[in-house]
Amino acid sequence: MKYWSQTFIPTLKESPADAEIASHKLLLRAGLVRKLGGGLYTFLPAGLRVMQKISQICREEMDREGAIELSMPFIHPVENWTDGTRWAAAREIMYRVDHAGAGKGRSKEPEFVLGPTHEEVITPLVKSEITSYRDLPKNFYQIGTKFRNEIRPRYGLMRAREFVMKDAYSFDVNDESAIASYNKMKRAYTAFFSRCGLKAIAVEADTGVMGGSYSHEFMVPAPVGDDDIVYCEESGYSANREKATSGIVPKDLADASPAGALEEFPTPGIVTIAALAAAPHNVAPDKQFKTLVYMGDGKPFLVVLRGCDDLEEAKLGALGFQLWRQATPEEIEPVMGAKPGSLGTVRGSIKNPAALAGIFADHAIRLVGNGTTGANKDGFHLRNVNVVRDLELTRFGDFRTVRAGEPDPKSGAPLKIARAIEVGHVFKLGTKYSEKFGAVYTDDQKQSHPMVMGCYGIGISRTLQAVIEQSNDADGIIWPWQVAPWQVLVVNLDPQDAAATELCKKLALAAESAGADVLVDDRAERPGVKFKDADLIGVPLRLTVGGRGLKEGIFEMKWRTSKDVAKLAIGDAEKLVAESVRSAASKA
RNA sequence: CGGGGUGUAGCUUAGUCUGGUAGAGCGCCUGGUUUGGGACCAGGAGGUCGUAGGUUCGAAUCCUAUCGCCCCGACCA
C-alpha cells in the first residue's frame with residue numbers, strides 16, 4: 001500500500017507544449033515521465049511501476065517458453081562491431097564513447113560504443129561457451145536499456161534515443177529447430193501483448209539491416225504509428241507495407257507483343273511522369289516506364305517501375321547491397337547520358353552500361369506491355385517500347401509499393417492499409433552472425449556446423465506508451481488491470497477524519513490481500529481535484545470514502561471504464577472489495 | 001541531413017509586425033472563507049525574455065551567428 005502524499009505523482013492540468021499525441025500528453029500529465037532532452041526521459045515513480053509490471057509480464061512469458069535471462073553490458077568494445085557484419089550500417093546509429101577522463105587519447109577510433117542491440121555480444125559469448133549439440137538449443141534474453149542515435153526522436157517514448165527493450169537470441173542446431181524456437185517466441189509475444197491489454201497483430205516484415213531469412217513484426221493499430229500494415233480479412237494476409245505484395249500482376253499474364261516500331265520523339269522540358277501525362281503527349285502514367293538510379297555500395301544500379309507506381313525502398317534490400325541510396329544527378333549523367341527525367345533502359349541507349357551493378361525491373365511493368373520511356377537524351381523520349389523486345393533488364397523482382405484496394409495475392413479480395421506502431425519484432429537470422437563470429441557446434445558425427453540463430457525484440461517502453469495510446473479518454477489514461485501502476489485507488493475525501501482514514505486503511509488492506517496494488521489518496525485536496533487526478537492517472541478501480549457516506553454507512557466503488565458509481569454498505573466492505581479485485585484479476 | 005515551426009516564471013501563454021525598460025491564467029507561499037468533479041477573497045515570492053554578438057539614446061521586439069525543442073521526410077523496438 002502506498003500513500004499519495006508519500007510518493008511523487010506530479011500531475012498537470014495542462015499539456016506541455018511539446019507533446020502532440022494523446023499518449024505523449026498523458027505520459028506527462030499523469031506524472032509518469034519527465035523529459036531530460038530529445039528522446040531522453042526520466043521515469044517517475046508511477047511510470048517506473050508500469051515499466052516494471054510490463055517487464056515482469058514479459059519475463060514470465062519468456063520463461064514460459066524456456067528462454068534464459070541474463071544481462072549484458074551497455075558499453076561494448078568497438079571491436080565487437082568492427083569485426084561484425086554490419087559496422088557500416090550500425091555505426092550510423094551508435095553512440096560512441098571516448099576514453100574517460102582527460103587521458104592521453106591514444107587511439108583515433110573510439111574504443112567503446114553504447115549498445116544499440118546485442119548480437120555482437122551474445123554471439124561471441126555463445127561461441128566460447130557452447131560447442132556441443134548436447135547444449136543446444138538455447139535462447140538467452142535480457143531486459144535493459146538500448147542506445148540508438150535515432151535520426152529523429154519522436155512522440156516521447158515512442159521513438160527515443162535511450163529506451164528499454166527486451167531482446168532475446170536463440171541458437172539452434174538446424175533450421176527445423178530454429179523455426180521451432182522462432183515459433184515459441186511468436187507464441188510468447190502473442191501472450192505478452194495480450195496480457196498487457198494490447199491488441200497487437202503479427203505481420204510479415206522486412207528484415208532490414210538485421211538481415212536474415214524472414215521475420216514478423218507485432219503491430220498495434222494506431223493512427224499515430226510509423227508503419228503501414230497491409231492486410232486482407234478474407235485471406236488473413238497481413239504484412240508491413242515495406243514487405244507487402246499484391247496480386248496486381250496475374251500469374252498467367254502473357255507478355256504483350258510489340259505494338260510498332262520504336263520511335264523517338266522530342267519532349268523538351270518534360271522531366272516528370274505527370275508532365276508527360278498531360279497534353280500534348282497524353283501518355284497515361286501506367287503506360288510509362290519510370291527509371292530510377294540508385295547507388296549500391298558505391299556502384300550505380302537501375303530500378304524500372306510503371307510510371308504510376310512508387311518504389312518501396314526497403315525492397316531493395318533483396319538485391320544484396322549493404323548500403324544503398326538515391327544517386328545524385330552528377331552521378332547519373334555520366335552513366336546514363338542524360339539527366340533525371342529523360343532516363344530509360346532501352347537496349348543501346350545507356351551511355352555506359354558497364355558501370356551498372358544491374359537493372360532491376362518490377363514485375364508490374366509487364367502490365368505496361370508497350371509504353372513510353374526516356375531516351376537517355378535530354379529532351380527526348382521513346383514510344384512503342386516493348387518490355388520483352390526493347391528493355392535491357394538484369395532481372396525482375398518486387399519493388400513497388402502496394403496500394404489499398406489492390407487484390408490480395410491469394411483471395412483476390414481488396415487489400416486494406418492501416419497505420420500501426422511496431423512494438424515487437426522476431427527475426428529468423430540463419431547463420432549470418434554465427435558464421436561471422438565462429439559460433440559453431442559439433443554434432444554427434446563429430447562434424448562442425450554454424451549455429452542457426454534467431455533474434456527477438458520487444459520495445460518495453462514503447463509498449464508502455466502504446467498501451468496509453470490505445471486506452472485513454474478525455475479524462476486521462478485507462479490502464480488495463482495487469483499493467484496499471486496501482487490497480488486500486490482508495491480516495492479519502494476527509495483525511496483529517498479518523499473514521500474515514502480508518503475505513504480507507506481497511507479497504508486498502510482488503511484489496512491488497514486480494515492481490516491488488518493499492519494507492520491511497522490521503523492528500524489535503526478538495527474532492528474535485530482528487531477525482532480529476534484519479535481519472536487522469538487511470539487506476540482501474542476507485543474506492544471513495546467520505547464523511548457524508550460514512551454517516552449513511554456506505555462507501556463508493558467505481559471502475560475507470562464505467563460512469564456508474566456503486567454505493568456499498570460498509571459492513572460488507574472487505575468482502576465486496578476482495579471479490580471485485582479477484583474478479584478483475586481473473587478477467588485480465 | 002533536407003523542409004517547416006518555435007524558444008518570455010515550474011506549466012499554458014500575451015506582448016514581437018509598428019523598438020520606450022515584461023503582463024495574465026494555472027501552480028507555489030501566507031491569512032481567511034470554503035469542502036462530493038480541477039473553489040473564492042486578500043496579500044506575496046518567482047522572469048539575465050534560449051545564448052553570443054551587432055544596430056540604436058534605448059532591444060523580448062530589428063540584424064547576424066549559434067544552441068535547444070517540436071512537426072513533415074529517410075531509419076527503428
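All chains are named by letter (A, B, ...) in the order of the sequence lines, taking the proteins before the strands, and each is independently numbered beginning at 1. Computed from a predicted model, the values in this text were never measured in an experiment. Atoms considered below: every heavy atom in the structure, side chains included; atoms not considered: hydrogens, waters and symmetry mates.
Relative orientation of the A:His76 and A:Trp81 rings is parallel, given thresholds of 30° and 60° on the angle between their planes. Aromatic ring orientation, A:Tyr182 versus A:His216: tilted (interplanar angle from 30° to 60°).
Across all strands shown, B:rC1 is found opposite B:rG73 as a Watson-Crick or G-U wobble partner, with both distances under 3.5 Å. Pair check for B:rG68 finds B:rU6; Watson-Crick or G-U wobble, both atom distances under 3.5 Å. Pair check for B:rU56 finds none; no Watson-Crick or G-U wobble contact set falls under 3.5 Å. Of all nucleotides present, only B:rG23 satisfies the Watson-Crick or G-U wobble test against B:rU13, with each distance under 3.5 Å. With both pairing distances under 3.5 Å, B:rU18 is matched to nothing as a Watson-Crick or G-U wobble pair. Base-pair partner of B:rU30: B:rA42 (Watson-Crick or G-U wobble, both distances under 3.5 Å). Judged by Watson-Crick or G-U wobble contacts below 3.5 Å, the nucleotide B:rU48 has no partner.
Stacking between A:Phe163 and B:rA77 is shown: the ring centroid lies under 5.5 Å from the centre of the six-membered base ring, and the planes differ by under 30°.
Proximity of A:Ile21 to A:Met158: side-chain heavy atoms (C-beta onward) are separated by under 4.5 Å at one or more points. Counting only heavy atoms from C-beta outward, the side chains of A:Lys2 and A:Val518 never approach each other to under 4.5 Å. A:Tyr141 places a side-chain heavy atom less than 4.5 Å from the side chain of A:Arg59. Residues A:Arg91 and A:Arg86 have side chains not in contact (no heavy-atom distance under 4.5 Å, counting atoms from C-beta outward). Looking at A:His118 and A:Lys146, their side chains come closer than 4.5 Å, going by heavy atoms from C-beta outward.
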Which pairs, protein N/O on one side and nucleotides 33-35 of chain B N/O on the other, fall under 3.5 Å?
{"unit_1": "B:rU34", "atom_1": "O2", "unit_2": "A:Arg526", "atom_2": "NH1", "d": "2.7"}

Between the protein and nucleotides 12-16 of chain B, which nitrogen or oxygen pairs come in under 3.5 angstrom?
{"unit_1": "B:rU12", "atom_1": "OP1", "unit_2": "A:Ala17", "atom_2": "N", "d": "2.3"}
{"unit_1": "B:rU12", "atom_1": "O4'", "unit_2": "A:Glu14", "atom_2": "OE1", "d": "3.4"}
{"unit_1": "B:rU12", "atom_1": "O2'", "unit_2": "A:Glu14", "atom_2": "OE2", "d": "3.4"}

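Residue-to-nucleotide proximity on RNA chain B shows that, of A:Val423 and A:Thr11, the 5′-proximal contact is made by A:Thr11. If you find the closest nucleotide of RNA chain B to A:Leu550 and to A:Gly39, the one lying nearer the 5' end belongs to A:Leu550.
Out of B:rA39, B:rC76, B:rG37, the shortest distance to the side chain of A:Val529 is found at B:rA39. Residue A:Glu20 places its side chain closer to B:rC71 than to any other of B:rG38, B:rC75, B:rC71. Comparing atom distances between the A:Asp535 side chain and each of B:rG37, B:rG38, B:rC69 picks out B:rG37 as nearest. Considering only the side chain of A:His425, B:rA77 comes nearest among B:rC69, B:rA77, B:rG37.
Looking at heavy-atom distances under 4.0 Å, A:Met219 makes no contact with the nucleic acid at all. Contact annotation for A:Ala160: base contact, defined as any heavy-atom pair under 4.0 Å involving a base atom. If you check every strand for non-hydrogen atoms under 4.0 Å, A:Gly547 touches nothing. Backbone-only engagement by A:Gly38 is indicated by non-hydrogen atom pairs under 4.0 Å involving sugar-phosphate atoms exclusively. Contacts of A:Gly459 with the nucleic acid, taken as non-hydrogen atoms under 4.0 Å apart, include base atoms. The residue A:Arg542 sits close to a base: some heavy atom pair falls under 4.0 Å. Using a 4.0 Å heavy-atom distance criterion, A:Asp167 is classed as making no nucleic acid contact.
What separates CZ of A:Phe193 from P of B:rA77 is a distance of 12 Å, to the nearest Å. Taking atom CZ of A:Arg91 as the reference point, atom C1' of B:rC75 lies 17 Å away to the nearest angstrom. Rounded to whole angstrom, the span from the CG atom of A:Asp473 across to the P atom of B:rG37 amounts to 18 Å. Atom CD in A:Glu150 sits about 9 Å away from atom P in B:rA77, given to the nearest Å. Protein atom CD of A:Glu92 is 17 Å distant from nucleotide atom P of B:rA74, rounded to whole Å. When the C1' atom of B:rC76 is taken as reference, atom CD1 of A:Ile151 falls 9 Å away, rounded to whole Å. What separates CE of A:Met62 from C1' of B:rA77 is a distance of 14 Å, to the nearest Å. Taking atom CD of A:Gln142 as the reference point, atom P of B:rA77 lies 15 Å away to the nearest angstrom.
Going from the P atom of B:rU30 to that of B:rG20 covers 38 Å, rounded to whole Å. Rounded to whole Å, the C1' atom of B:rC71 lies 25 Å from the corresponding atom of B:rG15. Across the P atoms, B:rC26 and B:rG38 are found 14 Å apart, a figure rounded to whole Å. Annotation: B:rG27 and B:rA74 have their C1' atoms spaced 42 Å apart (nearest Å). Rounded to whole Å, the P atom of B:rU8 lies 15 Å from the corresponding atom of B:rA60. Nucleotides B:rG23 and B:rC69 have their C1' atoms positioned 25 Å apart, rounded to a whole Å. For B:rG44 and B:rG7, the C1' atoms lie 29 Å apart once the distance is rounded to whole Å. Taking atom P in both B:rA59 and B:rC49, one finds a spacing of 11 Å when rounded to whole Å.
For B:rG38, its base never sits under 3.5 Å from the side chain of A:Arg523 at any donor and acceptor pair. For A:Arg462 and B:rC76, a side-chain-to-base donor-acceptor distance below 3.5 Å is present, hydrogens and geometry of angles not being considered.
Using a 4.0 Å cut-off, some side-chain N or O of A:Tyr155 falls inside it from OP1 or OP2 of B:rC72. Side-chain nitrogen and oxygen atoms of A:Arg152 include at least one within less than 4.0 Å of the OP1 or OP2 phosphate oxygen of B:rC72. Close to B:rC69, at under 4.0 Å from its OP1 or OP2, lies no side-chain N or O of A:Lys35.
For A:Glu60 and A:Arg195, the salt-bridge test passes: some basic side-chain N is under 4.0 Å from an acidic carboxylate O. We find that A:Lys315 and A:Asp398 are joined by a salt bridge, their nearest charged nitrogen and carboxylate oxygen being less than 4.0 Å apart. Salt bridge absent: A:Arg548 and A:Asp494 never bring a charged side-chain N and a carboxylate O closer than 4.0 Å. Note on A:Lys25 versus A:Glu20: no salt bridge recorded, every NZ/NE/NH1/NH2 to OD/OE distance being 4.0 Å or above. The residues A:Lys567 and A:Glu556 are annotated as salt-bridged, a charged nitrogen and a carboxylate oxygen being separated by less than 4.0 angstrom.
Using modelled atom types and a 3.5 Å distance limit, the side chains of A:Glu313 and A:Tyr294 yield a donor-acceptor pair.
Note: A:Phe218 and A:Tyr189 meet the aromatic proximity criterion, with ring centroids under 6.0 Å apart.
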